[in-house]
Each structure stands twice: as C-alpha cells, then as structure tokens.
Amino acid sequence: MSYLAPTEFVKKMVDSGESKVYMSTKDTLIRAYMAGAILALAAVFAITVAMKTGSGLVGAAFFPVGFIMLYLMSFDLLTGVFVLVPLAWIDKRPGVTVGQILRNWGLVGLGNLAGALTVAVMSAFIFTYGFDTDGGAIAQKVAGIGEARTLGYQAHGVGGWFTVFIRGMLCNWMVAMGVVGAMISTSVSGKAIAMWMPIMLFFFMGFEHSIVNMFLFPFSLIMGGDFTVVDYLLWNEVPVALGNLTGGLLFTGLTLYATHVKTGAKRELNNASFKSKDASAA
C-alpha cells in the first residue's frame with residue numbers, strides 16, 4: 001500500500017478539518033445522517049454475529065466494516081469532527097472560529113442522531129414483525145446492554161460516571177487513530193487495514209462511542225430496556241460524548257499536530273566538544 005509520512009498526513013488532517021467548516025448545511029446534515037445510519041447498521045450486524053457465533057471477538061472483528069464504508073463515502077461522524085475541526089482553528093485557518101466549530105459539531109451530531117434513530121426504529125420493526133412480537137433473543141440482549149450501561153454505571157455514583165467518561169476517552173482515542181490511519185495510505189485496501197485494527201479494539205474492549213450509543217440505547221428502550229431517557233443521557237450519552245471529545249483530540253489530534261506540524265526546535269549539539277575528542281583520539 002502507498003504510505004504517507006506523518007508530516008504529510010497530519011497536514012491532511014488540518015485541511016480536512018477546515019473543509020468541514022466550509023461545507024454547506026445541507027451536505028453536512030446528509031453526510032452525518034448517512035454516517036449515523038451506517039454505523040448503526042454495523043452495530044446491529046456485530047451484535048447479531050456475536051450472538052450467532054457465541055464469540056464477542058468475531059462480532060468485534062466484523063464491526064469495522066461499517067466504519068470503513070462510511071469513511072470511504074466521506075460521511076461524517078461527530079467523533080471524527082471532534083478531532084479534525086479544532087486542528088484547523090489551532091492552525092489559524094481563515095474563517096475557522098469557535099462558533100463555526102460548534103456549528104459543525106451541532107449539525108453533525110444532529111445528523112448522526114437522526115440516522116441512528118432511523119435504523120433503531122427500522123431494526124425494532126423487523127425484529128418484532130411490525131411490533132407484533134417481543135423480539136426474542138435480540139430484544140433480551142440489547143435490553144440487557146442498555147440497562148447495564150446506564151443503571152450499571154449509576155449504581156457506582158460518581159465513580160461510575162467517570163468510568164464511562166474514561167471509556168469514552170479510550171474509545172475515541174482508537175476511533176481517531178482509525179480516521180488518521182485512513183490518511184496514511186492512498187489505496188482502498190491500505191485505508192481499510194489501517195482503520196480496521198483500532199476500531200475492532202474499541203468495540204471488543206467495550207469502550208463507549210457516542211454515535212453507536214445514539215442507536216443502541218433508543219433501540220434498547222424500544223425493545224423493552226428498563227431504564228429512562230434521562231438515565232441514558234446522564235449516565236451514558238453526556239459523559240461518553242465528553243470523553244470522546246477529550247480522548248480523540250488530546251491523545252490523537254493534538255499529539256500528532258504538536259509533533260509533526262508545530263514541531264519543537266531542533267537540538268543544537270556542541271560540535272566543538274566532538275572535535276576536541278576526535279583530536280585527542282588522533
């Protein structure tokens with residue numbers, strides 16, 4: 001696969017962040033809607049595979065297909081723009097302001113939510129044959145996931161809230177590595193391989209992704225999960241989104257930018273001391 005050095009692809013990250021600020025409202029919403037929907041389908045797929053095979057690892061291994069598809073179509077996830085758009089502001093690109101960053105995040109988040117909810121309702125419909133049955137094993141599975149990842153955290157109070165926050169950080173550290181990894185290569189196969197590894201890692205480890213959860217928890221509620229929307233927002237979506245922002249930007253975006261764009265000054269070695277050592281050795 002064709003490989004780009006970090007000094008090349010980090011500049012592409014900044015360019016990408018700038019381009020998203022200038023994208024029209026219509027294009028931003030459509031691309032975000034499709035990203036949320038495709039990622040939701042991938043989540044249903046991964047859960048189904050894991051249930052049928054009895055292996056969470058197999059489900060995690062297949063989940064990245066959704067991420068790869070949406071990236072290759074240039075659709076946008078909130079977790080990705082959390083990382084890329086602020087870099088354009090830090091790099092002082094013209095027109096990129098805090099207000100424009102928040103506008104982009106708001107539109108992308110809204111589009112992702114709409115896409116994820118669409119797939120949640122459609123999935124619930126087909127698993128219950130038009131809400132005529134209880135949904136069977138898949139309903140029990142997703143209802144249990146929803147309860148464990150809201151009420152389960154709530155049971156531990158502040159410690160539970162920060163647990164889900166840190167899981168959100170770790171998640172978008174890996175997701176951002178997938179976004180960046182796709183920029184390393186100019187070939188489709190190279191992009192897919194680079195994205196596959198960190199996405200599979202986050203899914204198997206049970207880290208928390210705010211957009212996946214925009215699908216999973218509404219789907220869980222429809223399928224009989226015993227928790228409320230407030231439980232979901234307070235004990236999952238809000239800390240997860242904050243963790244996704246912090247982890248992706250801090251551990252991936254800023255670290256790469258700081259060391260490959262705004263690099264430190266090169267060290268100056270004392271050449272005189274080397275010359276004196278060479279002379280004495282002669």
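Note: hydrogens, waters and symmetry copies are ignored here, and every other heavy atom, side chains too, is used.
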Review point. Under 6.0 Å from the CH2 atom of W89, do we count more than 12 heavy atoms belonging to anything else shown?
Key: no
Check your understanding: Atom OG1 in T246, atom CZ in F165: separation rounded to 0.5 Å?
Key -> 4.0 Å
Review point. Taking a hydrophobic cluster as the set of Ile, Leu, Val, Met, Phe, Trp and Tyr residues connected by side-chain heavy atoms closer than 4.5 Å, whether directly or through intermediates, do L70 and L41 fall within one such cluster?
Key: yes
**Study point:** Cluster link F219 to V230, ILVMFWY, side chain under 4.5 Å
**Key:** no
Practice item. Would you check if the side chain of S220 reaches a backbone N or O of L216 as a donor-acceptor pair within less than 3.5 Å? Key: no
Check your understanding: Taking the side chain from T48 and the backbone from V44, do they hold a donor-acceptor pair closer than 3.5 Å?
Key -> yes
Check your understanding: Can you hop from V121 to L113 via hydrophobic side chains spaced under 4.5 Å?
Key -> no
**Study point:** Considering all heavy atoms, the nearest A116-A40 contact
**Key:** CA-CB, 4.2 Å
Exercise for review: With rounding to the nearest 0.5 Å, note down the distance linking CG in D27 to CG in D76.
Suggested key: 10.0 Å
**Study point:** Distance flag, aromatic centroids of F131 and F125, threshold under 6.0 Å
**Key:** yes
Check your understanding: Checking side-chain contact (heavy atoms from CB on, under 4.5 Å) for the pair N236/L233: CA distance, chi angles, key distance, verdict?
Key -> CA-CA 6 Å; N236 192 280; L233 292 174; over 6 Å; no
Practice item. Mark yes when over 12 heavy atoms from residues, nucleotides or ligands other than M122 sit less than 6.0 Å from its CE; otherwise mark no. Key: no
Exercise for review: Would you give the length of the straight line joining atom CG of L39 to atom CG of N112, rounded to the nearest 0.5 angstrom?
Suggested key: 8.5 Å
Check your understanding: If two hydrophobic side chains count as joined below 4.5 Å and joins carry through other members, does L107 share a cluster with Y22?
Key -> no
Check your understanding: Is a donor on one side and an acceptor on the other found under 3.5 Å between the side chain of S19 and the backbone of S16?
Key -> yes
Practice item. Say whether, by atom type as modelled, one donor and one acceptor occur between the side chain of T163 and the main chain of G159 under 3.5 angstrom. Key: yes
Review point. Side chains of Q154 and D231: closer than 4.5 Å at any heavy-atom pair?
Key: yes
Check your understanding: Between CG of N172 and CG of L245, what distance do you get to the nearest 0.5 Å?
Key -> 8.5 Å
Point to revise | Main-chain N/O of A5 paired with E8 side-chain donor or acceptor, under 3.5 Å | key: yes
Study note, to complete from the structure: So CE of M205 and CG of L170: to nearest 0.5 Å the spacing works out to 8.5 Å
Review point. Going by heavy atoms in the side chains, are F62 and F203 under 4.5 Å from each other?
Key: no
Point to revise | Minimum-distance pair of heavy atoms, taken over all atoms of H260 and V10 | key: CB-CG2, 3.9 Å
Check your understanding: Side-chain donor-acceptor pair under 3.5 Å between S187 and S185, yes or no?
Key -> yes
Check your understanding: Between F217 and Y232, what is the ring plane arrangement, given parallel below 30°, perpendicular above 60°, and tilted in between?
Key -> parallel
Practice item. Using distance alone, with no hydrogens and no angle criterion, decide if T118 and Y33 have a side-chain donor and acceptor under 3.5 Å apart. Key: yes
Practice item. Please indicate whether M177 has more than 12 foreign heavy atoms, meaning atoms of other residues, nucleotides or ligands, lying under 6.0 Å from its CE. Key: no
Practice item. Start with the C-alpha gap between K12 and L4, add the side-chain angles, then the distance that decides, and say whether side-chain contact (heavy atoms from CB on, under 4.5 Å) holds. Key: CA-CA 10 Å; K12 289 180 63 178; L4 298 179; 3.9 Å; yes
Practice item. Check whether any side-chain heavy atom of L84 sits under 4.5 Å from a side-chain heavy atom of V179, and report yes or no. Key: yes
Check your understanding: Any idea which heavy atoms bring F251 and M169 closest together, and the distance?
Key -> CE1-CE, 3.6 Å
Check your understanding: Does NZ in K11 sit with more than 12 non-hydrogen atoms of other residues, nucleotides or ligands closer than 6.0 Å?
Key -> no
Practice item. Begin with the C-alpha distance, continue with both residues' side-chain angles, and end with the deciding distance and a verdict on side-chain contact (heavy atoms from CB on, under 4.5 Å) for L254 and V83. Key: CA-CA 8 Å; L254 291 178; V83 178; over 6 Å; no
Review point. Is it the case that one hydrophobic cluster holds both V85 and L29, taking links as side-chain heavy atoms less than 4.5 Å apart, direct or via other members?
Key: no
Study note, to complete from the structure: In terms of heavy-atom contacts, N244 and C171 come closest through ND2-CB, 4.1 Å
Review point. Is there a donor-acceptor pair under 3.5 Å between the side chain of E147 and the backbone N or O of D226?
Key: yes
Exercise for review: Would you please indicate if the ring centroids of F82 and W105 are separated by under 6.0 Å?
Suggested key: yes
Check your understanding: Between the side chain of H209 and the main-chain N/O of V212, is any donor-acceptor distance below 3.5 Å?
Key -> yes
Exercise for review: Could you pull out the closest heavy-atom pair between G36 and L77, with the gap in Å?
Suggested key: N-CD2, 4.4 Å
Practice item. Please name the pair of heavy atoms, one in G66 and one in A42, separated by the smallest distance, quoted to 0.1 Å. Key: CA-CB, 3.6 Å
Check your understanding: Do the non-hydrogen side-chain atoms of M183 and Y71 ever get within less than 4.5 Å of each other?
Key -> yes
Point to revise | Non-hydrogen side-chain atoms of M13 and V180 separated by less than 4.5 Å | key: yes
Point to revise | Any donor-acceptor pair under 3.5 Å from W196 side chain to K191 backbone | key: no
Revision key, fill the gap. Separation between CD1 (I30) and NZ (K26), nearest 0.5 Å, reads 5.0 Å
Check your understanding: Checking side-chain contact (heavy atoms from CB on, under 4.5 Å) for the pair F63/F202: CA distance, chi angles, key distance, verdict?
Key -> CA-CA 10 Å; F63 172 72; F202 108 70; 3.7 Å; yes
Check your understanding: Just by modelled atom types, is the R93 backbone N or O under 3.5 Å from a matching donor or acceptor in the D91 side chain?
Key -> no
Exercise for review: Using a 4.5 Å cut-off on heavy atoms from C-beta on, say whether the side chain of P64 contacts that of M195.
Suggested key: no
**Study point:** Validation row: E208, N213 side chains within 4.5 angstrom (heavy atoms)
**Key:** yes
Practice item. Would you check if R31 and V108 make a side-chain contact, meaning some heavy-atom pair closer than 4.5 Å? Key: no
Exercise for review: Report yes or no: does T255 contribute a side-chain atom to a donor-acceptor pair with the main-chain N or O of T252 at less than 3.5 Å?
Suggested key: yes
